[in-house]
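Letters go in sequence order (proteins before strands), and every chain restarts at 1.
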Number of protein chains: 2
Amino acid sequence: MQPKPDDIELRARRLEQGLRKAGIKLTHQRMVICREMASATGHPDADAVYKAVREKVPTIALDTVYRTLWMLLDLRLIDTLGIPRERTRFDGNAKPHHHFVCTKCGEARDFYSAAFELLEVPEEVRAFGDVQRTQVEVRGVCLRCLETSDSERRAKGAEERS
Amino acid sequence: MQPKPDDIELRARRLEQGLRKAGIKLTHQRMVICREMASATGHPDADAVYKAVREKVPTIALDTVYRTLWMLLDLRLIDTLGIPRERTRFDGNAKPHHHFVCTKCGEARDFYSAAFELLEVPEEVRAFGDVQRTQVEVRGVCLRCLETSDSERRAKGAEERS
DNA sequence: CTACATGCAAAGGGTTTGCACGACA
DNA sequence: TGTCGTGCAAACCCTTTGCATGTAG
């Protein structure tokens with residue numbers, strides 16, 4: 001499960017190149033955070049990254065970790081589990097369904113697909129535990145966000161969400 | 001998109017029956033929250049439910065809304081977008097992959113599937129906006145949680161998450 | 001050298017908790 | 001009537017922000 005040393009090196013380099021290409025200064029702190037994300041096998045939260053990174057740079061601040069992680073996310077060099085920067089949202093739709101999620105405003109729309117209901121979970125996954133449900137998450141940018149400026153997006157998304 | 005009145009009635013009843021079957025008192029507040037979740041077309045957060053419900057019960061408290069929603073969730077009568085009660089977690093895996101998520105401890109494990117990469121997004125969904133990525137989320141209970149008591153779960157999950 | 005990044009500490013915002021009062025069974 | 005639920009307000013925790021200092025390019 002743990003990536004091979006060569007892999008880690010490769011993945012770290014990809015992140016650092018990504019930052020450089022975006023014209024962002026490669027500070028010591030940022031490189032250490034990139035290395036940490038490159039070698040992480042799980043899905044660490046900011047605090048876990050902070051703790052790991054502090055062993056190499058004891059003076060690093062938690063908010064530096066946050067700033068770097070959001071930056072990597074904005075550049076699509078890393079990802080998040082679920083929807084980033086979102087509070088908990090509830091879903092009262094009892095019928096099996098799937099979601100299209102806008103990565104800009106967070107709007108989530110339900111859709112149905114007979115084909116998606118037929119998905120067979122790989123054997124390997126069934127060994128992880130007791131499988132209860134399978135849902136497809138399609139990520140993208142909704143029509144409104146495609147034609148709306150950044151500043152207005154979140155406001156509109158929040159207000160029309162009901 | 002808005003459910004038909006009959007549908008709302010049906011969905012509300014399902015929620016209320018669920019609570020009753022679990023031996024939980026059907027208070028006025030809980031019924032109003034059930035009705036709100038039954039008629040919600042979107043994916044409201046606790047505050048949106050609170051605001052809607054306050055029009056019918058102006059004295060209701062936000063924490064009552066939270067308590068009721070978590071209760072409905074625990075009974076699997078409603079669902080959440082993403083993983084409930086979780087802080088943001090980051091994912092450094094650049095290869096296309098999918099997740100098995102434990103609904104008890106929050107642990108998420110990556111897996112790969114050639115079949116899942118071939119999924120065709122329905123036409124209808126492409127009309128929602130610019131589709132960037134499709135990911136399958138398998139939910140269930142991991143092996144460890146199947147044999148571990150409730151109290152130990154979150155602690156273990158948090159500690160081994162890296 | 002100069003713009004940008006960091007560390008610190010305090011603020012912010014969502015969610016939870018303790019407790020006394022109120023209401024369902 | 002007794003137990004469980006509610007409202008209130010304070011506490012909590014994760015995340016963000018403002019600002020003075022430090023540093024990569």
Side-chain angles (χ1 to χ4, degrees), chain A residues 15-17 19-34 36 43-51 53-54 56-75 80-90 106 151 154-155 157-159 161, chain B residues 15-17 19-34 36 43-51 53-54 56-75 78 80-90 106 151 154-155 157-158 161:
Chain A
L15 297 180
E16 292 177 359
Q17 294 295 339
L19 288 179
R20 190 172 297 155
K21 243 186 292 183
I24 288 163
K25 285 181 188 167
L26 269 187
T27 63
H28 185 51
Q29 288 90 329
R30 284 175 180 161
M31 292 196 292
V32 173
I33 292 169
C34 286
E36 181 52 34
H43 306 87
D45 57 31
D47 195 61
V49 175
Y50 174 56
K51 287 195 176 107
V53 152
R54 216 171 24 168
K56 294 184 177 167
V57 189
T59 63
I60 203 170
L62 175 59
D63 65 79
T64 300
V65 173
Y66 272 108
R67 285 191 272 235
T68 305
L69 289 174
W70 292 135
M71 176 176 282
L72 290 169
L73 183 66
D74 284 346
L75 295 170
T80 58
L81 246 48
I83 308 156
R85 299 168 196 263
E86 275 290 327
R87 66 201 71 163
T88 309
R89 281 193 280 156
F90 299 86
S151 54
R154 301 217 136 246
E159 136 203 330
R161 202 175 285 156
Chain B
L15 297 180
E16 294 177 358
Q17 294 295 338
L19 289 180
R20 189 171 300 155
K21 243 186 293 183
I24 288 162
K25 286 182 188 168
L26 269 186
T27 64
H28 184 49
Q29 288 90 330
R30 284 176 181 161
M31 291 195 294
V32 174
I33 292 170
C34 285
E36 181 53 34
H43 307 88
D45 57 31
D47 195 62
V49 176
Y50 173 57
K51 285 192 178 112
V53 151
R54 215 169 29 166
K56 295 183 178 171
V57 188
T59 62
I60 203 169
L62 175 59
D63 64 80
T64 299
V65 173
Y66 271 108
R67 285 192 271 233
T68 306
L69 290 174
W70 292 134
M71 176 175 283
L72 290 170
L73 182 66
D74 283 346
L75 294 170
I78 62 172
T80 58
L81 247 50
I83 308 158
R85 300 169 194 262
E86 276 290 328
R87 64 202 71 163
T88 309
R89 282 193 280 157
F90 299 86
S151 55
R154 300 217 138 246
R161 200 176 286 155

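Which of dG7(D), dT16(D), dT6(C) sits closest to the side chain of R85(A) comes down to dT16(D).
OP1 and OP2 of dT6(C) both lie 4.0 Å or more from every side-chain N or O belonging to T64(A). Regarding contacts with the backbone of dC24(C), every side-chain N or O of Q29(B) stays at 4.0 angstrom or more from both OP1 and OP2. Put simply, R30(A) has a side-chain N or O that comes within less than 4.0 Å of OP1 or OP2 on dA5(C).
Contact of the T88(A) side chain with the W70(B) side chain is registered, since non-hydrogen atoms from C-beta on lie closer than 4.5 Å. V57(A) is listed as a side-chain neighbour of H28(A), based on a closest heavy-atom distance under 4.5 Å. By the 4.5 Å heavy-atom criterion applied to side chains, I83(B) and R89(B) are counted as neighbours.
Residue whose closest nucleotide on DNA chain C sits further toward the 5' end, between T68(A) and W70(B): T68(A).
If you take CD of E86(A) and P of dG13(C), they are 16 Å apart, rounded to a whole angstrom. For the pair L19(B) CG and dG5(D) C1', the interatomic distance rounds to 13 Å; values are reported in whole Å.
No option in V32(A), T68(A), T64(A) other than V32(A) meets the side-chain contact (heavy atoms from CB on, under 4.5 Å) test with V53(A).
In this structure E16(B) satisfies the side-chain hydrogen bond (donor to acceptor under 3.5 Å, both in side chains) test together with R35(B), sequence neighbours excluded.
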inquiry  = At under 4.0 Å between heavy atoms, how does the protein contact nucleotides 18-25 of chain D? Give one character per nucleotide, 5' to 3', with B, S or -.
reply    = B-----BS
N/O donor to acceptor pairs below 3.5 angstrom from side-chain atoms of residues 19-26 of chain B, sequence neighbours left out:
none

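Within the nucleic acid shown, I60(A) comes within 4.0 Å of sugar-phosphate atoms alone, with no base atom in reach, counting heavy atoms only.
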